[in-house]
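Below: one structure, written as structure tokens.
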2 protein chains.
Amino acid sequence: MTETHIPFTGVVRALPASTPFVGPEALERIRGAKFDARIGANESAFGMSPKAKAAIVAEIERASWYGDPENYELREALAAHHGVSMDEICVCAGIDNIFSVVVRMVVSPGVPVVTSLGAYPTFNYQVNGNGGVLKTVPYHRDMEDPEALLAAARNEGAPLIFIANPDNPMGTWHDADTIQRMIDGVTPGKLLVLDEAYIEFAPEGTAPPLDTSNPNVIRTRTFSKAHGMAGMRIGYAIGHKDLITGMNKIRNQFEVTRLSQVAALASLHDPDFVRHVVTEVEAGKAEINTLADRHNFIALPSATNFVAVDVGNGDKARAILKALDAEGVFIRMPGVPVLDRCIRVTVGTKQDRALFTEAFDKVIAEL
Amino acid sequence: MTETHIPFTGVVRALPASTPFVGPEALERIRGAKFDARIGANESAFGMSPKAKAAIVAEIERASWYGDPENYELREALAAHHGVSMDEICVCAGIDNIFSVVVRMVVSPGVPVVTSLGAYPTFNYQVNGNGGVLKTVPYHRDMEDPEALLAAARNEGAPLIFIANPDNPMGTWHDADTIQRMIDGVTPGKLLVLDEAYIEFAPEGTAPPLDTSNPNVIRTRTFSKAHGMAGMRIGYAIGHKDLITGMNKIRNQFEVTRLSQVAALASLHDPDFVRHVVTEVEAGKAEINTLADRHNFIALPSATNFVAVDVGNGDKARAILKALDAEGVFIRMPGVPVLDRCIRVTVGTKQDRALFTEAFDKVIAEL
């Protein structure tokens, strides 16, 4: 039976019925048991700020009310935090939600969009979902390649370009000067999406200064990573007010939950907690590096909460993933050659790391 | 300055910069004080199930993890609850989110969409946001008009039709036979959105039997109203599996929060709580009816958690809203003639209702 009995748009009709998003819960259903260590989705192992948790509990009695569709208090606090104006910030239900809005804002069917081959898949999902045509540029030495992305955008006449800094899935990053040159190189009238989901984990000097007078770049931040709120779905975009006005024209106004609003606000006011998480993540990355060294694998330098470990080739990486799954350890790996010679390990709790070390030693010995 | 420095699509460029969604928090910022009675957004005054609240508190430590993108456990429970299959249910971040997906699934720029003049504005927002062209049919005796909606859809060749049963903002409803006749009258290959957000408050015999073999109708349900979870953003669509497959192609996979997933599941397993809410709402509606009677106003029959009270004309209704705002009472009213001769009062707590009665008596005496 075909789907001609439903009046789908041509774009939707042409999309594949399967999505690339197989969550850890789905993998657990396949394997018939929970994972002992869930260190594959770059979720924070260090929880939320106690202030955020207290704010959630205090707000439960008001969760029968819709959240403020303007996210006013949070935008006010974020504006003060970043030294920009409230109308230069748009709060959404996570960066994935921001991508859905920004891509729809720019991409009509057939419009070319430039990203790196193997970069964050949800951005691509949104481009495909709006009928855009992805034009990909290879990574260069495991890093996204700003100059090549700009060149491809010029060649294709692409109105939209994506880069993440630091990058997922590789964990690599460019310094602020390099990213600033990329921003400056965007053709006037085109738009660069600069995803900074992992920026809290990056060294000083990774993020160029915010300049909301520039309409050619929109920057995305999240409470999912360092703030430990992946399951709360809250993030924000910073950009020129005309960009934010465009987002406000089409975003789902009531999309962010009331509990997420109060949790994010509380966490923003608890910078000590984020510093603590970053410190823990540094220690965890050092442990993963040591483990990789011990097996003569190369751990890529990382400015995120995960480490990409080069294990030689894609077949080996896939075999390691499969064997770790059998040991109760969930990790992921990049999807395309040559990035797929790496496994991607999120920094877990001390217990997660001990389980991972034990399982990894065993798996490598047996392979 | 124009927005030509940003590569917006033609659809987005043409949209108005202002949105019709002014939340109660925004009104509070304008008036400089909180409302004493927030009874304007059809939020539940009776909170969430204690089981749902306990589930949220128990899940906070895992809210650093993304929710299951498949919403598997909830869909499994909903499928059992409704006697349909799991792949005939799509869980989203509220019905607004469902509308954003379903409309985008069907509407390309220029496509006509049929709804009632003055019906739920968020559906229209999504149609406009995708470049669709709204074709409206007037209410008939304060009720949406199924026959006229079908006729308009046939005349316009519209692939998408919207009706809410019970209706918002009027609270009126059709019986199941009437709605079934409407479903049966949809032209093959077209799609009816049947919004049943308030169905728990409606008399037995309001919802026709679920028939997921029919690809011409998709039905929407929510945890926002009787379950008291407006601020949690969780609802679901029930329909033919090809409809659900279409939604899964473009929805944001990780959109529902982890806390919302566990809260909805717990509430679904607490039918006594929902019955309690429905009983409280019945009592509250009776109070509003009595108050209306006392002032010689006509309270419309309601199958929802709110009552539309006919106060004579739009100017008077707007004056009452303004005067109630000054008294600390937030209510709303329909936006278009002749529906706007009514005010729309959500059933509040006993305290809300006492405040409303006192303020209403005062306002009517002074007008």
Side-chain angles (χ1 to χ4, degrees), chain A residues 3 5-9 12 15 17 19 21 23 25-26 38 41 43-44 47-48 53 56-57 60-61 63-70 72 93-94 96-97 100 105-106 108 129 159 188-191 215 228-233 242-243 245-246 248-250 252-255 257-260, chain B residues 3 5-9 12 15 17 19 21 23 25-26 38 41 43-44 47-48 53 56-57 60-61 63-70 72 93-94 96-97 100 105-106 108 129 159 188-191 215 228-233 242-243 245-246 248-250 252-255 257-260:
Chain A
E3 288 177 358
H5 53 313
I6 299 172
F8 290 130
T9 63
V12 171
L15 289 171
T19 75
F21 306 104
E25 287 84 2
R38 176 169 163 156
E43 298 156 329
S44 179
M48 275 187 272
K53 290 190 269 191
I56 291 171
V57 171
I60 288 180
E61 293 300 328
S64 294
W65 288 353
Y66 292 101
D68 174 14
E70 297 181 18
Y72 190 95
D96 288 1
N97 186 209
S100 80
M105 195 164 86
V106 172
S108 315
K190 311 298 186 185
L191 181 61
M229 293 188 196
M232 302 298 292
R233 313 314 303 128
D242 291 348
L243 283 165
T245 298
N248 283 332
K249 286 179 172 186
I250 58 169
N252 294 342
Q253 305 286 320
F254 292 87
E255 197 89 328
T257 84
R258 201 165 177 98
L259 301 185
S260 308
Chain B
E3 288 177 358
H5 52 312
I6 299 171
F8 290 129
T9 63
V12 171
L15 290 171
T19 76
F21 306 104
E25 288 84 1
R38 175 168 163 156
E43 298 155 331
S44 179
M48 274 188 272
K53 291 189 268 192
I56 291 172
V57 171
I60 288 179
E61 293 300 328
S64 295
W65 289 352
Y66 292 101
D68 174 14
E70 296 181 21
Y72 190 95
D96 288 2
N97 185 209
S100 80
M105 195 164 87
V106 172
S108 316
K190 312 296 186 187
L191 181 61
M229 293 188 196
M232 302 298 291
R233 313 314 303 128
D242 291 349
L243 283 165
T245 298
N248 283 332
K249 286 179 172 185
I250 58 169
N252 295 342
Q253 304 286 321
F254 292 87
E255 197 89 328
T257 83
R258 200 165 178 99
L259 301 185
S260 308

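Just so it is clear, the model here is predicted, and its values are computed rather than measured. Residue numbers start from 1 in every chain, and the chains themselves are labelled A, B, ... in the order their sequence lines are given, proteins ahead of strands.
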*chain B heavy atoms under 4.5 Å from A/P188: which part of the residue, side chain, backbone, both or neither?*
neither
*For each of B/S260, B/A230, B/P215, tally heavy-atom pairs with chain A at distances under 4.5 Å, and name the one with the top tally.*
B/A230
*Can you tell which of B/A93, B/S100, B/G94, B/G67 has the highest number of heavy-atom pairs within less than 4.5 Å of chain A?*
B/S100
[X] side, atom [atom1]; [Y] side, atom [atom2] - distance, nearest 0.5 Å:
| X | Y | atom1 | atom2 | value |
| --- | --- | --- | --- | --- |
| A/L243 | B/H5 | CG | NE2 | 7.0 Å |
| A/Y66 | B/R38 | OH | CZ | 10.0 Å |
| A/T245 | B/L15 | OG1 | CG | 12.5 Å |
| B/T9 | A/M105 | OG1 | CE | 9.0 Å |
| B/F254 | A/N97 | CZ | CG | 13.5 Å |
| B/K249 | A/F8 | NZ | CZ | 6.0 Å |

Pick one of side chain, backbone, both or neither for [X], based on which atoms fall under 4.5 Å of a heavy atom in chain A.
| X | value |
| --- | --- |
| B/M229 | backbone |
| B/E255 | both |
| B/I56 | side chain |
| B/N248 | backbone |
| B/K53 | both |

_Largest heavy-atom contact set with chain B, pairs under 4.5 Å, which of A/V106, A/D68, A/I250, A/L259_ = A/D68
*Between chain B and each of A/G23, A/P159, A/A63, count heavy-atom pairs under 4.5 Å; write down the option with the most.*
A/A63
_Salt bridge check, B/E43 against A/R258: does any charged N sit closer than 4.0 Å to a carboxylate O?_
no
*Which heavy atom of A/S64 sits nearest a heavy atom of B/S44, and at what distance?*
CB-O, 3.5 Å
*Heavy-atom pair of closest approach, residues B/T257 and A/M232*: CG2-O, 3.5 Å
